[in-house]
Structures are given as structure tokens and as C-alpha cells.
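Read the structure below first, then the notes.
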Number of protein chains: 2
Amino acid sequence: MSEDALDAALRLVRAQTALVRRFDARLGGLHGVSLADFTLLLRLAQAPGARMRRVDLAEALGLTASGVTRGLAPLERIGLVTREPDARDARVAYAALTRTGRRRLTEMLATARETAAEIFAAPDWSPADLARLTSLLTRLGGTGLKGA
Amino acid sequence: MSEDALDAALRLVRAQTALVRRFDARLGGLHGVSLADFTLLLRLAQAPGARMRRVDLAEALGLTASGVTRGLAPLERIGLVTREPDARDARVAYAALTRTGRRRLTEMLATARETAAEIFAAPDWSPADLARLTSLLTRLGGTGLKGA
DNA sequence: GGCATAAACTTGAGCAGTCAAGGAGTCGGC
DNA sequence: GCCGACTCCTTGACTGCTCAAGTTTATGCC
């Protein structure tokens with residue numbers, strides 16, 4: 001029944017806000033970044049050479065190009081990311097992780113993993129539950145950190 | 001492994017933004033409201049007497065009190081919701097669905113259900129999948145439209 | 001070469017939410 | 001009956017995104 005589908009969708013939305021709040025609190029408190037900042041850095045780190053075109057970053061994060069510009073700005077200011085031009089195409093400005101960016105990210109990653117582990121902690125969550133959730137979410141078009 | 005937990009969390013966040021965009025487009029196009037507006041109205045409709053204290057509404061929606069104030073304002077302006085004082089306690093201002101609000105909501109509800117049905121359509125999604133997803137999300141603290 | 005079209009990015013305006021502070025009202029202790 | 005502490009709600013300042021418009025550069029066609 002479509003009522004159930006709507007219920008699922010609404011629950012998903014609700015679950016997300018709770019989850020984001022939790023990550024933001026942890027990451028903000030310990031490292032001074034938001035979850036959005038963290039995911040951005042993480043994507044960058046996963047790219048070959050730890051650099052990406054802003055357009056591709058937007059696509060990967062599910063943001064608009066302008067969202068990326070705005071999100072990157074403060075990270076550039078605090079030196080976690082730099083802007084690199086493309087030799088071939090003067091239109092593109094790569095965003096690249098700096099050495100400090102990389103270092104800081106590994107610290108954040110530890111925090112993020114802890115937080116995630118707390119959220120999905122036993123006994124409520126078994127590894128099988130987690131796998132099922134991931135697989136269901138993947139069908140929804142979400143691209144996680146392990147690829148499509 | 002905590003990497004899997006983080007992956008699940010990130011996928012959930014990503015899935016939500018896609019989902020919200022889809023609902024916003026449909027609801028906005030047909031009824032001029034956002035998904036946030038719609039959920040607000042829906043909660044109201046489910047409350048006894050189709051009215052709630054703003055504080056409780058905030059709690060139910062996972063927002064702050066000020067978020068509710070701001071979200072309610074435009075809905076009051078367009079006459080879907082009214083503000084009602086409490087006879088006993090002058091601090092509380094109920095938000096109540098108007099007659100038009102109720103009528104408009106049933107139209108929106110149809111659209112929302114359709115949209116949800118499309119998102120969770122067969123053959124990708126079986127009713128069992130949907131039930132599993134809902135049950136997993138519920139553990140995450142999300143309160144759906146069918147109660148805790 | 002020169003021009004139209006398109007791509008990558010930035011910028012201004014606006015919207016939806018947050019937090020922190022404050023106004024107004026209630027309630028328990030005395 | 002009054003004071004202090006608490007609750008409900010709103011407001012101002014800010015953040016993080018969106019969309020629409022504009023700039024700059026590349027590319028294909030002739």
C-alpha cells in the first residue's frame with residue numbers, strides 16, 4: 001500500500017535529521033567541522049590524487065555546483081583544501097586536499113567511525129541488519145563511500 | 001566493522017536528499033508546498049482535533065520550537081493553519097488546521113502517496129523490502145506517520 | 001579565423017533551519 | 001500574595017544550501 005511507502009519515506013527523512021545532528025555535534029566539537037564538510041573532504045580523499053573537479057564533486061555529493069563553491073570556501077580558508085588550475089582547461093578549478101587536510105581528515109575519520117559505530121551498536125544492530133540497511137538504501141540511489 | 005556503519009550513515013544522508021528533492025518537486029509543482037510544509041500539516045491532521053501545541057509539534061517533527069514558528073508562519077498566511085489560544089494557559093498557542101487546510105491536505109496526501117509509491121515501486125521494491133526498511137529506520141529513532 | 005553554443009565556475013538573492021536571548025505567563029514554596 | 005524557577009513562544013543573527021544570472025573559457029562548424 002502506498003501509505004506504507006509514504007511512511008517509510010517520512011521515517012527516512014526523520015532518521016536522517018537525527019543522524020546528522022549527532023555527527024555534527026561530534027565532529028563539530030572535536031574538529032570544528034560539520035558532517036557536510038567531512039563528507040566533502042572524504043570524497044576528495046577517495047579521488048585519485050586527492051583532487052577533483054568541482055563539478056564532479058557536486059555530482060558525487062548530491063549538491064549543486066554552487067553548493068560546492070560555498071562549502072569549499074571555508075575549507076580553503078583554513079587550509080585543508082587548495083584550489084588547483086587545470087593545465088588543459090582554464091575553466092576548471094580542481095579542489096585538492098592539502099597535507100594538513102589529509103592529516104586532519106584521518107582524525108575526523110576516526111571520530112566519524114566511532115560515532116557511526118555507536119549509532120549502529122549491538123545489541124540493537126547486528127552486522128546483518130547493517131548490511132540489509134545499506135543494501136536497501138543503495139537502491140534508493142544513494143552513493144555511499146564504497147562506490148556506486 | 002565501523003567502516004560499514006559509517007557507510008550506512010552516509011548512504012542514508014545521501015538517500016534522504018534525493019528523496020526530499022523528489023517530494024519537493026512534486027508537492028511544490030502541484031500544491032505549492034514543500035515536503036516540510038506537508039509533514040507539518042500531516043502531523044497536525046493526525047492530532048486529536050487537528051490541533052497541537054507548537055512545542056509538541058516541534059518534538060513530533062524533530063525541529064526546534066523556532067523552526068516551527070517559522071514554518072507555520074507562511075501556512076497561516078495562506079490560511080491552511082490558524083493560531084488558537086489556550087483557555088487555561090496563556091503561554092500556549094495552538095496551531096490548528098483550517099477547513100481549507102484539511103481539504104488541501106487530502107489533495108497533497110494523494111500526491112505524496114503517489115510519489116512514495118513511485119519511489120518504492122516494484123520490481124525493485126517488494127512489500128517485504130519496504131517493511132524491512134521501515135523497521136530498520138524505526139530503530140534509528142525516526143518516528144513515522146504511524147506512531148512511535 | 002570567427003562565431004554560436006556549451007561547459008565550469010562564481011555571485012547575488014532568498015529560503016529553511018539553527019542557536020541564543022528575551023518576553024510573557026504559570027506554578028510551587030513559603 | 002509574592003518571588004524564583006520554569007515553560008512556551010518569538011525574534012535577531014547566522015549558516016548552508018538553492019536557483020537564476022553572469023563571466024570566462026573551450027569547442028565545433030563553416
Side-chain angles (χ1 to χ4, degrees), chain A residues 13-14 16-29 32-41 51-78 81-96, chain B residues 13-14 16-25 27-29 32-41 43 51-78 81-96:
Chain A
V13 172
R14 188 78 158 74
Q16 189 255 15
T17 78
L19 217 136
V20 169
R21 260 195 260 279
R22 209 153 154 181
F23 275 96
D24 274 346
R26 273 314 246 346
L27 288 169
V33 294
S34 67
L35 176 59
D37 294 332
F38 167 72
T39 16
L40 200 158
L41 294 172
R51 61 209 283 285
M52 275 206 231
R53 302 191 321 158
R54 296 154 109 83
V55 146
D56 299 334
L57 203 42
E59 162 71 21
L61 293 169
L63 297 180
T64 61
S66 97
V68 168
T69 298
R70 302 219 201 270
L72 239 25
L75 298 177
E76 289 174 9
R77 270 197 304 94
I78 61 175
V81 167
T82 24
R83 153 185 302 265
E84 295 182 357
D86 183 319
R88 306 287 197 106
D89 189 336
R91 286 171 307 179
V92 346
Y94 285 89
Chain B
V13 172
R14 189 77 158 75
Q16 189 255 13
T17 78
L19 216 136
V20 168
R21 260 194 261 278
R22 210 153 154 182
F23 276 96
D24 275 346
L27 288 169
V33 295
S34 67
L35 176 59
D37 293 333
F38 166 72
T39 17
L40 200 158
L41 295 172
R43 287 291 180 185
R51 59 208 284 283
M52 275 206 231
R53 302 191 322 160
R54 294 153 111 84
V55 146
D56 299 334
L57 202 42
E59 162 71 21
L61 294 169
L63 296 180
T64 60
S66 95
V68 169
T69 298
R70 305 206 125 98
L72 239 25
L75 299 176
E76 289 174 10
R77 270 196 306 96
I78 61 176
V81 167
T82 26
R83 154 186 301 265
E84 296 182 355
D86 184 320
R88 306 288 195 107
D89 188 336
R91 286 170 307 179
V92 347
Y94 285 88

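Scope of the values below: all heavy atoms of this structure, side chains included, with no hydrogens, waters or symmetry mates. Here is how names work: the chains are called A, B, and so on, in the same order as the sequence lines, proteins then strands, and each is numbered from 1.
One interatomic measurement links the two molecules: CG of A:Leu75 to P of D:dG16, which rounds to 10 Å at whole-angstrom precision. When rounded to the nearest whole Å, the span between CD of B:Glu76 and P of D:dC9 equals 12 Å. In this structure, B:Asp86 atom CG and D:dC8 atom C1' are separated by 11 Å, rounded to whole Å. We find that CG of A:Leu35 is positioned 14 Å from C1' of D:dC17, with the value rounded to whole Å. Rounded to an integer number of Å, the gap from CZ of A:Arg77 to C1' of D:dT15 is 12 Å. Between the C1' atom of D:dC19 and the CG atom of B:Asp24 lies a distance of 13 Å, rounded to the nearest Å.
Panel note: side chain B:Arg14, backbone A:Ala60; a donor-acceptor pair is recorded below 3.5 Å.
Taking the side chain of B:Ala65 as heavy atoms from C-beta on, and the options D:dT25, C:dC9, D:dT10, the nearest nucleotide is D:dT10.
The line from CG of B:Leu19 to CD of A:Gln16 is 10.0 Å long, rounded to the nearest 0.5 Å. Taken from CZ in B:Phe38 to CG in B:Asp24, the straight-line distance is 11.5 Å, to the nearest 0.5 Å. Separating the CZ atom in A:Arg83 from the OG1 atom in A:Thr69 is a distance of 7.5 Å, to the nearest 0.5 Å. One distance of note links CG of B:Leu57 with CG of B:Leu63; it measures 8.0 Å at 0.5 Å rounding.
Contact annotation: the side chain of B:Arg54 approaches that of B:Leu72 to within less than 4.5 Å [non-hydrogen atoms, C-beta and beyond].
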Each nucleotide N or O in nucleotides 2-8 of chain C that has a protein N or O under 3.5 Å away: list the pair and distance.
unit_1	atom_1	unit_2	atom_2	d
C:dA7	N3	A:Arg91	NH1	3.0
C:dA8	OP1	A:Arg53	NH1	3.0
C:dA8	OP1	A:Arg53	NH2	2.9

Base versus backbone protein contacts along nucleotides 11-17 of chain C [heavy-atom cut-off under 4.0 Å; B, S, -]: BBB---B
Worked check of side chain to side chain contact (heavy atoms under 4.5 Å, CB included) between B:Arg43 and B:Leu61: CA-CA 8 Å; B:Arg43 287 291 180 185; B:Leu61 294 169; 3.4 Å; yes
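Of the charged side-chain nitrogens involved, at least one lies within less than 4.0 Å of a carboxylate oxygen, so that A:Asp89 and A:Arg91 count as a salt-bridged pair.
Between B:Arg83 and A:Ala87, the one whose closest nucleotide on DNA chain D sits nearer the 5' end is B:Arg83.
In this structure, B:Arg53 fails the cation-pi test against B:Tyr94, since its NZ or CZ atom is not both closer than 6.0 Å to the six-membered ring centre and inside 45 degrees of the ring normal.
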